[in-house]
Protein chains: 2
Amino acid sequence: MVELICSPSFTLLLITIALKMNFNNLSDMIPLDLASEVLSLLETHHLPKKHLLHREGRICRHIYLIQKGVARTFFYKEGKDITVHIAAEGELITAIDSVISLKRSRYNVELLEDSEVHALSYQALHSLLEKHPHYEKYMRLILEQLYAEGADRIEEFLFYSAKERYDNLMNNKPGLLNRVNLGHIASYLGITQETLSRIRKSP
Amino acid sequence: MVELICSPSFTLLLITIALKMNFNNLSDMIPLDLASEVLSLLETHHLPKKHLLHREGRICRHIYLIQKGVARTFFYKEGKDITVHIAAEGELITAIDSVISLKRSRYNVELLEDSEVHALSYQALHSLLEKHPHYEKYMRLILEQLYAEGADRIEEFLFYSAKERYDNLMNNKPGLLNRVNLGHIASYLGITQETLSRIRKSP
DNA sequence: TACATTCTTTGACATTTGTCAAAAGGCAGG
DNA sequence: CCTGCCTTTTGACAAATGTCAAAGAATGTA
């Protein structure tokens with residue numbers, strides 16, 4: 001039993017990585033020593049709603065794992081804020097335009113509820129990989145999975161109407177509706193709040 | 001001088017990888033032995049316009065590097081074909097929904113000109129990485145870059161109008177216009193051919 | 001060159017989505 | 001419980017994009 005030998009965070013990390021990879025059998029995929037090493041790098045924080053995990057204009061040096069709560073990545077376009085990513089329990093969030101390239105970010109990362117998050121320094125992760133190159137394989141597997149997910153989201157915009165995109169989101173992440181403002185969900189879907197409101201009414 | 005010690009394909013591969021990573025100094029980034037090993041895995045083919053590098057319903061087991069020519073990934077939605085990716089010289093193309101997961105693909109990969117392509121077996125690449133785990137790092141760097149590119153394309157749909165997306169494409173890949181049917185470009189931008197035609201007229 | 005085929009543009013109109021303004025609803029703090 | 005703030009819905013209208021049909025342009029082939 002994984003639970004018996006792991007702290008809650010450790011278990012969560014294992015599960016998170018496993019989910020990202022769509023595998024059922026954890027122990028087959030992720031070696032315990034990797035999970036353990038990564039765990040030792042995490043810093044856990046309890047933070048209030050509206051706290052910014054990352055602020056635009058700065059270089060983002062962390063990846064955040066949501067233990068409890070919800071967060072979104074957004075930025076401003078002509079005064080309006082646009083949500084590009086939403087993450088809940090067990091998911092990862094960061095300023096993707098900065099953490100890899102180390103350029104200044106256009107994004108903000110904001111908590112939408114009082115939350116508990118684990119911060120993973122990207123630099124520390126790199127050092128870990130430097131020290132144990134055999135872990136690189138798992139990073140690659142996770143990135144392959146993330147890349148495929150990104151491709152799916154692009155597909156959504158190419159073939160699905162706003163209503164279909166909303167329906168898909170509801171099927172894939174029910175529950176999100178009750179926790180995230182419809183305005184944020186609308187911009188995440190690439191539409192206005194008014195249009196989303198009307199879509200929700202229609203049969 | 002890289003050219004002096006490399007075959008054209010070898011040079012191309014180096015440059016391709018380097019471009020994907022947005023780095024200027026090739027030798028700093030990609031070790032020659034890796035490039036050389038990958039080169040040994042490539043199978044070069046000369047193929048005619050309209051040839052399908054990959055057909056939907058099958059499992060895709062290769063990544064293709066375009067040496068000369070243009071290719072697109074597309075699939076059918078309600079009878080119409082929709083282009084999801086376009087690659088020209090020095091770029092990579094594959095059925096991304098299949099090559100990682102080994103599921104049956106919804107995509108076709110089609111040549112738009114008589115082309116010369118290098119096929120890289122994903123299995124062979126995995127074996128290579130298995131044998132030389134220290135290469136994993138470079139795979140990860142490439143994937144990180146690809147992931148960030150995907151995030152940029154999602155952003156395009158979130159904040160830019162059809163006209164702005166067209167203008168961006170023209171700025172980033174001029175030349176594509178003369179080689180790819182406007183119908184394919186339209187679906188790649190997520191609009192109809194008629195709308196693209198009108199956008200091109202407008203000031 | 002002439003023909004057939006494919007690609008691109010145009011027109012008329014329908015549908016979807018956006019914009020602006022205001023009203024209605026929900027929730028937290030006093 | 002009231003008040004004020006934030007969220008969500010609604011209405012009227014504008015703008016963007018899609019659909020269908022047809023004409024025009026370009027291209028390849030006999």
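Chain identifiers are assigned alphabetically (A, B, ...) following the order of the sequence lines, protein sequences preceding nucleic acid strands; residue numbering begins at 1 within each chain. Side chains are part of it too, since the values below use all heavy atoms of this structure and drop only hydrogens, waters and symmetry mates.
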Could you pull out all residues at least two apart from [X] that satisfy side-chain contact (heavy atoms from CB on, under 4.5 Å)?
| X | answer |
| --- | --- |
| H62(B) | Y64(B), A119(B), S121(B) |
| H184(B) | R72(B), D81(B), T83(B), L112(B), V180(B), N181(B) |
| T73(B) | V84(B), H85(B), I93(B), Y107(B), V109(B) |
| E144(A) | R140(A), L141(A), I100(B), Y122(B), H126(B), L143(B) |

Could you list the protein-to-nucleotides 23-29 of chain C atom pairs, N/O on both sides, closer than 3.5 Å?
none

Review point. What distance separates D97(B) CG from D152(A) CG, expressed to the nearest 0.5 Å?
Key: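 The CG atom of D97(B) sits 8.0 Å away from the CG atom of D152(A).
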
Point to revise | side chain to side chain donor-acceptor pair (under 3.5 Å) partners for E113(A), two or more places apart | key: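 Here the qualifying residues are R179(A).
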
Exercise for review: Mind checking salt bridge (Lys or Arg N to Asp or Glu O under 4.0 Å) for R61(B) and listing every partner two or more places apart, or none if nothing turns up?
Suggested key: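 For R61(B), no residue satisfies salt bridge (Lys or Arg N to Asp or Glu O under 4.0 Å) once neighbours in sequence are set aside.
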
Point to revise | All salt bridge (Lys or Arg N to Asp or Glu O under 4.0 Å) counterparts of K80(B), not counting sequence neighbours | key: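 Checked K80(B) against salt bridge (Lys or Arg N to Asp or Glu O under 4.0 Å); zero matches.
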
Exercise for review: Provide, to the nearest angstrom, the distance between the CZ atom belonging to F159(B) and the P atom belonging to dG18(C).
Suggested key: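 It works out to 15 Å between those atoms.
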
Review point. For Y166(A) and dT17(C), what is the distance between atoms OH and C1' respectively, to the nearest whole Å?
Key: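 About 17 Å, once rounded to whole Å.
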
Check your understanding: Using the C1' atoms of the five pairs at each end, what is the angle between the end axes of the helix from dT1(C)-dA30(D) to dG30(C)-dC1(D), to 10°?
Key ->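 Roughly 40°, once rounded to the nearest ten degrees.
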
Result block: side-chain N/O donor-acceptor pairs under 3.5 angstrom for residues 160-170 of chain A, not counting sequence neighbours:
unit_1, atom_1, unit_2, atom_2, d
S161(A), OG, E164(A), N, 3.3
S161(A), OG, E164(A), OE1, 3.4
K163(A), NZ, D167(A), OD2, 3.4
E164(A), OE1, S161(A), N, 2.8
R165(A), NE, L189(A), O, 3.0
R165(A), NH1, Y160(A), O, 2.9
R165(A), NH2, L189(A), O, 2.7
Y166(A), OH, R200(A), NH1, 3.1
N168(A), ND2, E156(A), OE2, 2.9
N168(A), ND2, E164(A), O, 3.4

List, one per line, each side-chain donor-acceptor pair under 3.5 Å for residues 49-57 of chain B, sequence neighbours excluded.
unit_1, atom_1, unit_2, atom_2, d
H54(B), NE2, S105(B), OG, 3.4
E56(B), OE2, N108(B), ND2, 3.1

Review point. What does nucleotides 5-19 of chain D look like as a protein-contact string, B for base, S for sugar-phosphate only, - for none, at under 4.0 angstrom between heavy atoms?
Key: --SBBBBB----SSB

